[in-house]
Enquirer: 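Pasting a structure below so you can have a look.
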Amino acid sequence: MHYRPLPVPASVVAAAVLLGIPVAHADGDNNTLIPNNKRLNDGVVANVFTVQHQAGCTNDVRISPQLQRAAQRHTEDVLNSRALDGDIGSDGSTPQDRANAAGFHGPVAETVAINQSIAISGNDLINRWYHDPAYFNIMSNCAHSQMGVWSENSPDRTVVVAVYGQPQGVGGATPASTEGQNIPLDPSPDYDASDELEFGFNWLPWILRGVYPPPAHPPE
């Protein structure tokens, strides 16, 4: 499924360059004084949790550091290799190859979003994947109890990769415990001036169009 890119006004890009605003990336911490995408990445996991429970799942999807590393590898590859637009890496690797290399044991699946602009909203991202039948099947698969999300931005391109996994132990059996292998979502990331800026960006379309951004959860 292809989406028409939304152009970024030249004045916005120029202002970012002149002001020395660093490009956001997912550095895995809650210090949003240094721009990062942790809130976006955690939001993807939270939305997948919602999709799975709407589908009748009872497990709580958790963040896998191994799958996060696999997602980071492909995100950086796609961001820097403009010919890539899917699951296959520039070295010919598949999502399973990258997960195996990161130390994850079990089958995996992957969803990828590429936006031809400096950013993408969590609402736009989850709605894209929710309404793509193949991606929806991946997100709503109850066996995908672990996942890793990574995102990177450049002035004209944003890439988000989510890798979903079914952890397996010796002999292919599901391990009795995944303690130490996954990370719960942070319920209270820090709040600072960047949150006010984020709210301002959400507020602007409301003023211009009279329509506030859609709710975080996709329609049923």
Enquirer: Run I118 and S154 through side-chain contact (heavy atoms from CB on, under 4.5 Å) and show every step you take.
Expert: CA-CA 6 Å; I118 196 171; S154 68; over 6 Å; no

Enquirer: Under a 4.5 Å cut-off applied to non-hydrogen side-chain atoms, are I126 and M139 in contact?
Expert: yes

Enquirer: For residues P107 and Q96, report the shortest heavy-atom separation together with the two atoms involved.
Expert: CA-OE1, 3.3 Å

Enquirer: Please lay out, stage by stage, how Y164 and V108 fare under the test side-chain contact (heavy atoms from CB on, under 4.5 Å).
Expert: CA-CA 5 Å; Y164 311 74; V108 304; over 6 Å; no

Enquirer: Donor-acceptor pair, N127 side chain versus N123 backbone, under 3.5 Å?
Expert: yes

Enquirer: Do F49 and L67 belong together in a cluster built from hydrophobic side chains that touch within less than 4.5 Å?
Expert: yes

Enquirer: Looking at G86 and V112, what are the two nearest heavy atoms and their distance?
Expert: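 Closest pair (atom of G86, atom of V112, distance): O-CG2, 4.0 Å.
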
Enquirer: Side-chain donor-acceptor pair under 3.5 Å between T94 and D97, yes or no?
Expert: yes

Enquirer: Identify the heavy atoms of F104 and S64 that sit nearest to each other, and give their distance.
Expert: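 Taking F104 first and S64 second, the nearest heavy atoms are CD1-OG, 4.0 Å.
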
Enquirer: How many angstroms lie between CD1 in I114 and OG1 in T158, if you round to the nearest 0.5 Å?
Expert: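 Rounded to the nearest 0.5 Å, the CD1-OG1 separation comes to 10.5 Å.
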
Enquirer: What's the shortest heavy-atom distance between S90 and L84, and which atoms?
Expert: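 Scanning both residues completely, I find the closest heavy atoms to be N-CD1, 3.6 Å.
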
Enquirer: Under 3.5 Å, is there a donor-acceptor pair between the side chain of S81 and the main chain of A83?
Expert: no

Enquirer: Any sub-3.5 Å donor-acceptor pair from R62's side-chain atoms to Q146's backbone N or O?
Expert: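 No; judged by distance alone, with no hydrogens or angles, the pair does not exist.
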
Enquirer: Ignoring hydrogens and angles, tell me if any N or O in the side chain of N37 forms a donor-acceptor pair with the backbone of L40 under 3.5 Å.
Expert: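 Answer holds: no.
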
Enquirer: Decide yes or no for V61 and V45: does some side-chain heavy atom of the first lie under 4.5 Å from some side-chain heavy atom of the second?
Expert: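 V61 reaches V45 side chain to side chain.
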
Enquirer: Can you list the steps and then say if Q166 with N141 is a side-chain contact (heavy atoms from CB on, under 4.5 Å)?
Expert: CA-CA 10 Å; Q166 304 175 36; N141 186 341; 4.1 Å; yes

Enquirer: Just so I know, are the side chains of R128 and I120 near enough to count as touching, which here means a heavy-atom distance under 4.5 Å?
Expert: yes

Enquirer: Under 4.5 Å between any side-chain heavy atoms of I138 and H144, yes or no?
Expert: yes

Enquirer: Is W150 close to V159 at the side-chain level, that is, under 4.5 Å between some pair of heavy atoms?
Expert: no

Enquirer: Taking atom types as modelled, find out whether E76 and Q72 have a side-chain donor-acceptor pair closer than 3.5 angstrom.
Expert: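 The answer is yes; a qualifying pair exists.
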
Enquirer: Could you give me the CA-CA distance, side-chain angles and deciding distance for I63 and M147, then say whether side-chain contact (heavy atoms from CB on, under 4.5 Å) is met?
Expert: CA-CA 5 Å; I63 299 172; M147 64 182 297; 5.6 Å; no

Enquirer: Find out whether S93 and R73 are in side-chain contact, i.e. whether some heavy atom of one side chain is under 4.5 Å from a heavy atom of the other.
Expert: yes

Enquirer: List the steps and the verdict of side chain to side chain donor-acceptor pair (under 3.5 Å) for S145 and N59.
Expert: CA-CA 7 Å; S145 61; N59 60 289; 5.1 Å; no

Enquirer: I'd like to check V163 versus H74 (side-chain heavy atoms, cut-off strictly below 4.5 Å). Are they in contact?
Expert: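 No. Closest side-chain heavy atoms not under 4.5 Å.
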
Enquirer: Is there a donor-acceptor pair under 3.5 Å between the side chain of T50 and the backbone N or O of A46?
Expert: yes

Enquirer: Return yes if some donor-acceptor pair links the side-chain N/O of S151 with the main-chain N/O of V160 below 3.5 Å, else return no.
Expert: no

Enquirer: Does the side chain of V78 come within less than 4.5 Å of R157's, by heavy atoms?
Expert: yes

Enquirer: May I have the step-by-step check of salt bridge (charged side-chain N to carboxylate O under 4.0 Å, His left out) for R98 and E110, ending in yes or no?
Expert: CA-CA 11 Å; R98 295 185 289 271; E110 184 177 83; 3.2 Å; yes

Enquirer: With a 3.5 Å distance limit and no angle check, can you tell me whether H105 reaches the backbone of P167 through a side-chain donor-acceptor pair?
Expert: no

Enquirer: Spell out, as yes or no, whether a donor-acceptor pair under 3.5 Å connects the side chain of D87 to the backbone of P95.
Expert: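 It does not hold such a pair.
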
Enquirer: Once you round to the nearest 0.5 Å, how far does OG1 of T111 lie from OH of Y135?
Expert: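 Taking OG1 in T111 and OH in Y135, the distance rounds to 6.0 Å.
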
Enquirer: Look at the aromatic rings of F136 and Y130 and report parallel, tilted or perpendicular, splitting at 30° and 60°.
Expert: perpendicular

Enquirer: What's the separation between atom CG in L79 and atom CG in N153, rounded to the nearest 0.5 Å?
Expert: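 With rounding to 0.5 Å, CG (L79) is 8.0 Å from CG (N153).
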
